[in-house]
Amino acid sequence: MVETKPSPIPAPLLKDELDIVIPTIRNLDFLEMWRPFFQPYHLIIVQDGDPSKTIRVPHGFDYDLYNRDDINRILGPKASCISFKDSACRCFGFLISNKKYIFTIDDDCFVAKDPSGKEINALEQHIRNILTPSTPFFFNTLYDPYREGADFVRGYPFSLRGGVPTAVSHGLWLNSPDYDAPTQLVKPLERNTRYVDAILTVPKTTLFPMCGMNLAFNRELIGPAMYFGLMGDGQPIGRYDDMWAGWCMKVICDHLGFGVKTGLPYIWHSKASNPFTNLRKEYKGIYWQEQMVPFFQTVTLPKDCTSVQKCYIELSKKVREKLGSVDEYFVKLADSMVTWIEAWDELNPPGEEATEFSTVVSK
């Protein structure tokens, strides 16, 4: 009889160290399905749109709810960096939290089931991902070597087997895929039914399209880089907020020597947004991404950028310099990146989250 290793992670893990951030414009009835998994944790709800509208939260949850009036009151002039009428407003929750870890989810996402029919505790899996190292410097063909039943394969350098801290855990979705508007239009009935039981580290120097609907991160390690851009009302672009954060975050993680995992856990994405509305929001991003992605693929940060804040300010300068000629919007975005860091430092006085990582950078 083969003995199985006991789970090293009790539940609910990190109850006092993790906030759940939810952007919304509607009543949060979806929380009822998540109650067994979310109820022990504190919720930060960021209400988008009309602040006079009352958002109903099911009884029994511990939460703080912030609307646009609260954002303006707390940040003053710096509130200009928080998007309006866009899910990018969620990053205000990242800013206001005082916890070490963040899990963020959209209000149209529900509990998925694995192939055996068991409900998936997405939050617990994210925590497992975050609390185990990543391996960005050398790819392991058994994917995450820290999962039960897996290890490093023959030929994997022993000097790299300790891994690096995991900054971000990027989860996936069943049912409605996270497609752009043109793909939605040509595949209106397509649904994702493939459950892949895998977690892998995104290799160093490799970018990926980060989706914000099922995402966790170590706020102390990478929080200042998780700015979801300036999108939505009054801006020429929307639905690229999580993409922007993902590209910035990955460049900084590569520079500082942190890891990013993607794969499990899955959630059930219940509905696809209107593709025609999405196209109106996305069309400039679809055009601009052909210049944005090469920019992030080639951008480098100097060695004296030894904290996330320093990296992000330097990145804002390069955005202004290299992308400002693409459109004036990127100059405005670069300014908002600086404002975001100023707001972060004002609400989060430098401490552990701004630790210098010179020894990691020299790697």
Evaluate the criterion side-chain contact (heavy atoms from CB on, under 4.5 Å) for residue pair Val338 and Tyr312; output intermediate values, then yes/no. CA-CA 8 Å; Val338 175; Tyr312 205 72; over 6 Å; no

side-chain contact (heavy atoms from CB on, under 4.5 Å) evaluation trace for Phe37 with Glu124: CA-CA 8 Å; Phe37 308 127; Glu124 181 182 63; over 6 Å; no

Assess the residue pair Asp16 and His42 against the criterion (side chain to side chain donor-acceptor pair (under 3.5 Å)); give the C-alpha distance rounded to whole Å, side-chain angles, the decisive distance to 0.1 Å, and a yes or no. CA-CA 8 Å; Asp16 299 318; His42 178 68; over 6 Å; no

Walk me through whether Asp108 and His269 qualify under side chain to side chain donor-acceptor pair (under 3.5 Å). CA-CA 6 Å; Asp108 60 356; His269 186 208; 3.1 Å; yes

Mind running side chain to side chain donor-acceptor pair (under 3.5 Å) on Tyr179 and Glu190 for me, showing each step along the way? CA-CA 10 Å; Tyr179 284 161; Glu190 183 161 293; 2.3 Å; yes

Take Arg90 and Ile22 through the test side-chain contact (heavy atoms from CB on, under 4.5 Å) and record every step on the way to the result. CA-CA 7 Å; Arg90 80 178 78 225; Ile22 304 169; over 6 Å; no

Evaluate the ring pair (Phe, Tyr, Trp, His ring centres under 6.0 Å) criterion for residues Tyr266 and Tyr195: first the C-alpha distance (whole Å), next the side-chain angles of each, then the deciding distance (0.1 Å), finally the verdict. CA-CA 8 Å; Tyr266 283 89; Tyr195 179 97; 4.9 Å; yes

Run Asn140 and Thr135 through side chain to side chain donor-acceptor pair (under 3.5 Å) and show every step you take. CA-CA 8 Å; Asn140 190 55; Thr135 53; over 6 Å; no

Worked verdict on Met226 versus Cys91 for side-chain contact (heavy atoms from CB on, under 4.5 Å): CA-CA 7 Å; Met226 299 299 283; Cys91 62; over 6 Å; no

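The local environment of NZ in Lys322 is sparse, with at most 12 non-hydrogen atoms from other residues, nucleotides or ligands closer than 6.0 Å. At most 12 heavy atoms of other shown residues, nucleotides or ligands fall within 6.0 angstrom of atom OH in Tyr143.
For Lys85 and Asp48, the salt-bridge test fails: no basic side-chain N is under 4.0 Å from an acidic carboxylate O. For Asp197 and Arg147, the salt-bridge test passes: some basic side-chain N is under 4.0 Å from an acidic carboxylate O. Classification of Lys100 and Glu17 as a salt-bridged pair fails, no side-chain N sitting under 4.0 Å from a carboxylate O. A salt bridge between Glu32 and Arg35 is present, with a side-chain N of the basic residue lying under 4.0 Å from a carboxylate O of the acidic one. By the 4.0 Å N-to-carboxylate-O rule, Arg73 lies too far from Asp69 to be salt-bridged with it.
Exactly one of Tyr329, Phe296, Trp288 qualifies for a ring-ring contact (aromatic ring centres under 6.0 Å, His included) with Trp244. That residue is Phe296. Test Tyr146, Phe139, Phe158 against Phe152 for ring-ring contact (aromatic ring centres under 6.0 Å, His included) and you get one pass: Tyr146. Of the options Trp340, Phe103, Phe217, a ring-ring contact (aromatic ring centres under 6.0 Å, His included) to Phe94 is made by Phe217 and by none of the others. Each of Arg239, Gln184, Gln289 was evaluated against Glu282; a single residue qualifies, Arg239, per the side chain to side chain donor-acceptor pair (under 3.5 Å) test.
Once rounded to the nearest 0.5 Å, the distance linking CZ of Arg128 with OG of Ser169 reads 12.0 Å. Lys99 contributes atom NZ, which lies 9.5 Å from atom CD1 of Ile20 (distance to the nearest 0.5 angstrom). Taking CD1 of Ile127 as the reference point, atom OH of Tyr101 lies at 9.0 Å (rounded to 0.5 Å). Between Ile267 atom CD1 and Ile120 atom CD1 the span is 9.5 Å, to the nearest 0.5 Å. Distance check: Met231 CE to Met243 CE gives 10.0 Å after rounding to the nearest 0.5 Å. One distance of note links CD1 of Ile237 with CZ of Arg280; it measures 13.0 Å at 0.5 Å rounding.
Counting all heavy atoms, side chain and backbone alike, Asn98 lies closest to Asp19 at N-OD2, 4.1 Å. Pairing each heavy atom of Ala181 with each of Pro275, the nearest pair is CB-O, 3.4 Å. Of all non-hydrogen atoms in Asn192 and Arg194, the two that sit nearest each other are OD1-N, 3.4 Å.
Put simply, the side chain of Thr104 gets close to the backbone of Val21: a donor and an acceptor are under 3.5 Å apart. In terms of modelled atom types and a separation under 3.5 Å, the side chain of Asp233 and the main chain of Asp86 share no donor-acceptor contact. A donor-acceptor pair under 3.5 Å is absent between the side-chain atoms of Asp241 and the main chain of Phe228, judged by distance alone. For Arg26 (side chain) and Ile55 (main-chain N/O), no donor-acceptor pair under 3.5 Å exists by modelled atom type. Looking at Gln309, its side chain never comes within 3.5 Å of a backbone N or O of Asp345 through a donor-acceptor pair. Under the 3.5 Å distance criterion, the side-chain polar atoms of Arg219 are matched with a main-chain donor or acceptor of Ser97. A distance-only check finds no donor-acceptor pair linking the side chain of His126 to the backbone of Leu264 [under 3.5 Å]. Between the Ser83 side chain and the Gly229 main chain, a donor and an acceptor come within less than 3.5 Å of each other. The backbone N or O of Lys261 sits nowhere less than 3.5 Å from a side-chain atom of Asn129 that would complete a donor-acceptor pair. When atom types are taken as modelled, the side chain of His170 and the backbone of Cys211 share a donor-acceptor pair closer than 3.5 angstrom.
For Phe138 and Tyr156, the ring centers are positioned less than 6.0 Å apart.
Under the 4.5 angstrom side-chain criterion for Ile, Leu, Val, Met, Phe, Trp and Tyr, Val186 has no cluster partners at all.
Relative ring orientation between Tyr240 and Trp247 is described as tilted, the plane-to-plane angle lying within the 30° to 60° band.
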